[in-house]
*Asks:* 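Sharing a structure here in structure tokens format.
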Amino acid sequence: MEASPSASIVVEPETHHSPENSHSPENCLFDPSTSAENHVPDPSPPLENHLFEDSPQTTEDAPAPARKRRRRKKQFPEMVPSATAITGLRVLRPQPKSNIYDEKLMDELIRLQINDNLSPNRTRRRNLAKELDVEALIAISVGFPVDSLTEEEIEANVVPIIGGPEQANYIVVRNHILARWRSNVSVWLTKDHAMESIRSEHRRLVTAAYYFLMLHGYINFGLAPSIKEVNWDVPTRATVVIVGAGFAGLGAARHLRALGFKVVIVEGRTRPGGRVLTRKMEGDGVVAAVDLGGSVLTGINGNPLGVLARQLGFPLHKVRDKCPLYLPSGKAVDLDMDNRVEYSFNKLLDKVCKLRQAVSDEVKAVDMSLGTALETFRQVYRVAEDPEERMLLNWHLANLEYANASLLSDLSLAFWDQDDPYEMGGDHCFIPGGNGRFIRALAENLPIFYGRTVESIRYGVDGVMVTAGGQVFRGDMALCTVPLGVLKRGSIKFVPELPKAKQEAIERIGFGSLNKVAMLFPYDFWGGEIDTFGHLTEDTSKRGEFFLFYSYSSVSGGPLLVALVAGESAVKFEMESPVESVERVLQILRGIFGPRGIEVPQPIQVVCTRWGKDRFTYGSYSHVTVGSSGDDYDTLAECIGGRVFFAGEATNRRYPATMHGAFLSGLREAANMSRIATKRSLIPLPGENIKDESTDLYKLFEQPDLACGSFSVLFDPTSSELDSVSLLQVKLHGKTSESGPLYLHGLISRKQAVDLAEIKSDEDRLRMLYHTFKVKLVGRKGLGSEGEALIAKLNTVKGRCNFAETIREIQNQHIAGTRMPKITTSRTKYPQGWELIEPTLRELEAKMREAENDPHDGKRKCETLWPIFRISHQRSRYIFDLYYRQQEISKELYEFCLDQGYADRNLIAKWKKPGYERLCCLRCIQPRDHNFATTCICRVPKHLREEKVIECVHCGCHGCASGD
């Protein structure tokens with residue numbers, strides 16, 4: 001039977017579905033003023049680990065629990081989401097660890113915080129612990145670790161000593177500021193407001209946390225009128241060309257403009273949104289809006305799109321859990337069988353998890369597919385041998401393929417669910433009217449050039465050049481946000497070519513398709529009490545064909561039904577006639593509702609998606625294939641030479657395949673650009689007017705490091721080597737301009753500067769400079785990139801000492817390398833024996849500064865911190881050995897070194913415990929921070945890691961298990 005002539009079928013070539021105890025902070029951190037009283041109940045007990053021994057029992061009096069069938073991802077006991085870290089969060093009392101994430105508990109805690117009005121009349125001291133718990137949970141929900149700093153916080157030098165007591169206080173302050181803004185996201189939170197309930201002696205911590213959170217888009221972001229109206233007062237002269245106007249590009253553009261950048265967006269389509277596409281469907285007086293791409297907000301707790309929805313006043317429709325399933329005959333699936341098969345399906349995943357644990361080192365070397373492992377265990381344990389049970393199991397497998405936009409045979413057994421620990425908690429929601437409402441609001445007033453398909457991105461020391469649609473867009477930096485499918489096809493030419501590591505990551509990460517058939521009917525014949533229902537099929541190869549239906553009636557404004565096509569069927573779907581596909585969908589619907597006497601009318605309008613054939617996407621979203629891992633997401637996210645940056649869901653290791661993951665990646669790269677541009681001095685530091693370059697140099701040379709006659713020299717502040725580059729200035733006598741004397745400049749080594757100082761006359765110095773050193777003097781603009789880099793360092797360290805004041809302080813600390821405390825000061829009284837260890841500490845201090853200022857080009861983000869961790873470890877080990885093993889220093893001197901930050905007190909405390917004698921860093925033993933299956937490499941015996949080199953992602957350790 002053909003579709004009604006009145007029904008229009010549209011093929012839309014785009015779709016995508018977003019498918020140990022902590023430190024105890026001092027109570028004196030807060031002033032005894034405002035308090036939010038919230039109770040945190042104990043987490044639920046762990047699940048049983050026994051397999052296939054008992055089946056769930058159902059009775060007439062006990063209805064089966066509601067199932068969440070959307071984007072199913074089994075959360076393994078050892079890979080709990082970040083929210084479960086509440087068990088290690090108690091600041092005043094320890095709690096037993098739990099293996100299970102209690103989503104309802106998390107929902108309630110977040111709601112308590114969001115809805116609570118701070119009361120000035122409550123006693124802070126009595127309720128401090130409860131409030132800290134809630135604030136920490138909110139921080140966890142947006143991705144912060146429980147009791148450690150993120151890599152970005154470490155880079156920003158938010159605290160002088162990593163792991164010290166000040167870090168614990170900083171974390172409490174950071175969580176408090178974050179929670180305070182989240183309680184009212186429509187109002188700009190000032191630093192003074194953040195300080196209101198925190199004592200004045202902690203002002204530096206508040207300053208560091210406040211500007212870090214604001215720079216990285218954790219607070220004061222979004223589309224609320226009061227947020228958009230705030231003028232950050234940051235002058236700029238740097239330009240960023242953004243390729244792509246999806247969530248990542250739009251989010252980055254708005255944040256970059258707030259940070260003071262000039263921004264232009266180049267978009268190949270004639271509309272913004274990318275893989276987020278809301279389309280209006282209408283006919284015969286019926287109108288509805290359908291999301292043909294990203295549609296579901298997968299977890300609302302901590303979700304930045306939830307923040308935007310609150311700011312814009314968009315209501316959220318919770319996707320209801322009820323999801324009835326129907327056999328090919330149209331008969332509803334028996335409830336007992338449904339429960340039994342779902343139970344078996346989860347146990348199969350548990351078995352796969354145990355296999356992964358058992359062969360954790362081998363599975364990395366020889367990865368295998370998740371599909372192969374599941375099928376093997378299904379056969380071994382004789383699961384779902386009954387035909388109906390097999391169809392039901394196939395439905396769950398199709399749902400898993402939908403969640404990953406991939407065939408199970410392509411998914412990595414080792415890492416297919418590597419993002420599960422970070423999954424957003426809370427309900428899955430629709431935005432009534434579609435996610436296009438977000439896109440329109442984000443794109444408002446942004447300079448977007450539509451219909452410009454990017455052909456090439458060229459980059460070098462002088463900036464970037466993006467060629468699109470016959471036009472050339474030049475800038476200081478470029479942000480590439482195109483989908484992974486476009487990068488895989490090589491549609492954009494990069495000159496020079498992308499680094500080999502990035503090319504390999506692009507090749508390894510998977511990028512699959514999910515397609516939809518959206519149908520507008522004259523009326524809602526399926527009923528409005530459900531949001532989803534499923535359909536089973538006998539053919540295993542077609543298990544993903546129209547296996548799940550979404551009802552959009554409650555959010556689209558009309559009777560709209562969407563059928564999903566996943567897995568192998570999603571690929572075949574794009575090769576078939578849309579008329580035939582629509583007819584099969586109608587046959588399924590008639591088979592389900594016909595036996596109940598419900599007539600299925602002809603649709604008024606139908607839209608079929610073809611995301612795999614869309615030249616601007618070539619697919620829907622990313623997944624981890626066999627041989628790939630989460631590291632590939634990080635590699636894809638790395639910038640090239642501080643010029644070309646990358647954003648999008650496939651660059652977000654924590655939140656891939658989601659709309660919020662794309663949006664967060666845009667904020668992340670905006671912060672990275674700000675950091676690198678400031679370091680390179682592409683932009684003046686906030687709070688300063690743009691001045692003439694010669695004026696800046698003149699001020700730098702007011703206090704030269706070496707002066708002789710008309711010659712002045714500034715040494716590289718980050719190196720004391722004789723061959724390090726120095727900046728020379730020579731005053732030309734008798735030559736003046738309207739602004740004063742004229743100067744020429746050059747680059748020489750420190751040794752050459754010393755040699756020049758030994759010459760008696762300027763004439764002889766010039767002769768030595770030209771003839772012996774072969775150095776030519778030039779104007780400021782002739783110094784080149786090496787000279788500009790040195791001037792940037794000098795400006796940072798010497799002269800420019802503020803968002804207008806403090807963001808500059810934080811960034812400058814990172815550039816100048818102020819992580820180490822000073823070795824000597826005139827006010828410090830040193831214990832006896834200090835003079836014996838001072839030279840070694842000075843040497844380590846110099847190495848630390850060199851490590852902090854080494855170039856990061858070509859390195860993974862985590863690798864840039866490895867040298868710093870190693871030197872910190874070496875310094876702590878030096879003090880530890882002197883006191884505990886060699887017994888060559890007094891207890892007074894030992895305690896002095898710990899108090900002054902020359903050694904990590906917490907790390908040494910671990911060394912004194914059996915089994916931790918050779919631990920490299922504290923982050924290595926955090927359960928959620930590992931890269932060796934469920935165990936850090938630091939705890940793996942030597943004989944298990946001889947065949948290949950495995951590195952800890954945090955400190956670069958190759959293995960330090962005690963006893964090796």
Side-chain angles (χ1 to χ4, degrees), residues 238-253 255-256 261-269 272 274-275 446-507 509 511 614-619 622 632-652 662 665-666 668-670 672-674 676-677 680 682 785 856-858 861:
T239 301
V240 176
V241 181
I242 298 178
V243 181
F247 260 125
L250 296 176
H255 200 47
L256 283 169
F261 287 79
K262 296 176 183 177
V263 174
V264 61
I265 302 176
V266 184
E267 170 58 52
R269 304 180 192 272
R275 286 169 281 172
L446 288 179
I448 305 176
F449 289 81
Y450 295 109
R452 306 308 202 275
T453 302
V454 173
E455 298 140 15
S456 66
I457 298 177
R458 298 175 181 268
Y459 58 96
V461 294
D462 296 328
V464 299
M465 187 168 66
V466 177
T467 304
Q471 286 184 267
V472 175
F473 298 84
R474 299 178 184 271
D476 298 297
M477 300 174 175
L479 174 61
C480 180
T481 72
V482 299
L484 176 61
V486 175
L487 295 177
K488 282 180 171 289
R489 287 292 184 104
S491 303
I492 298 177
K493 181 180 181 181
F494 290 86
V495 182
E497 286 188 348
L498 296 176
K500 185 177 179 181
K502 191 179 289 288
Q503 292 184 45
E504 292 173 348
I506 291 172
E507 183 178 351
I509 302 177
F511 197 71
D614 184 345
R615 67 189 180 97
F616 295 112
T617 62
Y618 294 111
S622 63
D632 289 328
Y633 285 90
D634 289 339
T635 301
L636 187 53
E638 292 168 2
C639 71
I640 307 175
R643 293 295 180 183
V644 182
F645 297 75
F646 294 84
E649 57 87 12
T651 71
N652 196 323
S665 73
R668 177 198 69 208
E669 292 310 305
N672 286 338
M673 287 180 170
S674 177
I676 290 178
R680 189 190 286 128
L682 280 176
S785 58
H856 299 164
D857 295 350
K861 194 170 186 179

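As the structure is a prediction and not an experimental result, all values here were calculated from the model.
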*Asks:* Looking only at heavy atoms, which two atoms of Ser665 and Asn652 are closest? And how far apart?
*Replies:*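 It is N-ND2, 4.0 Å.
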*Asks:* Check the surroundings of atom CD in Glu504: do more than 12 heavy atoms from other residues, nucleotides or ligands lie under 6.0 Å from it?
*Replies:*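 Atom CD in Glu504 is packed in, count exceeds 12.
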*Asks:* Is the closest side-chain heavy-atom distance between Ile457 and Val241 below 4.5 Å?
*Replies:*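 No, their side chains stay 4.5 Å or more apart.
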*Asks:* Take Gln471 and Val266 through the test side-chain contact (heavy atoms from CB on, under 4.5 Å) and record every step on the way to the result.
*Replies:* CA-CA 10 Å; Gln471 286 184 267; Val266 184; over 6 Å; no
*Asks:* Is the cationic atom of Arg489 (NZ for Lys, CZ for Arg) positioned less than 6.0 Å from the six-membered ring centroid of Tyr618 and within 45 degrees of its normal?
*Replies:*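 Yes - Arg489 lies over the ring of Tyr618, closer than 6.0 Å to its centre and within 45° of its axis.
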*Asks:* Could you walk me through whether Ser491 and Arg615 pass the side-chain contact (heavy atoms from CB on, under 4.5 Å) check?
*Replies:* CA-CA 9 Å; Ser491 303; Arg615 67 189 180 97; over 6 Å; no
*Asks:* Look at the aromatic rings of Phe449 and Phe473 and report parallel, tilted or perpendicular, splitting at 30° and 60°.
*Replies:*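 Perpendicular: the ring planes of Phe449 and Phe473 meet at over 60°.
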*Asks:* Are Arg474 and Asp462 ion-paired here, with the side-chain N under 4.0 Å from a carboxylate O?
*Replies:*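 Salt bridge between Arg474 and Asp462, a charged N being under 4.0 Å from a carboxylate O: no.
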*Asks:* Apply side-chain contact (heavy atoms from CB on, under 4.5 Å) to the pair Ile448 and Leu250, showing each step before the final yes or no.
*Replies:* CA-CA 10 Å; Ile448 305 176; Leu250 296 176; 4.0 Å; yes
*Asks:* Please find the pair of heavy atoms, one from Leu446 and one from Ala253, that lie closest to each other, and give the distance.
*Replies:*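 Between these two residues, the closest heavy atoms are CD1-CB, 4.0 Å.
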*Asks:* Going by heavy atoms in the side chains, are Cys639 and Asn672 under 4.5 Å from each other?
*Replies:*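 They are not in side-chain contact.
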*Asks:* Does the structure place the NZ or CZ of Lys502 under 6.0 Å from the centre of the six-membered ring of Phe646, at an angle of no more than 45° from the ring's axis?
*Replies:*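 Satisfied, under 6.0 Å and within 45°.
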*Asks:* Using side-chain contact (heavy atoms from CB on, under 4.5 Å), reason through Ile676 and Phe645 one step at a time and then give a plain yes or no.
*Replies:* CA-CA 11 Å; Ile676 290 178; Phe645 297 75; 3.8 Å; yes
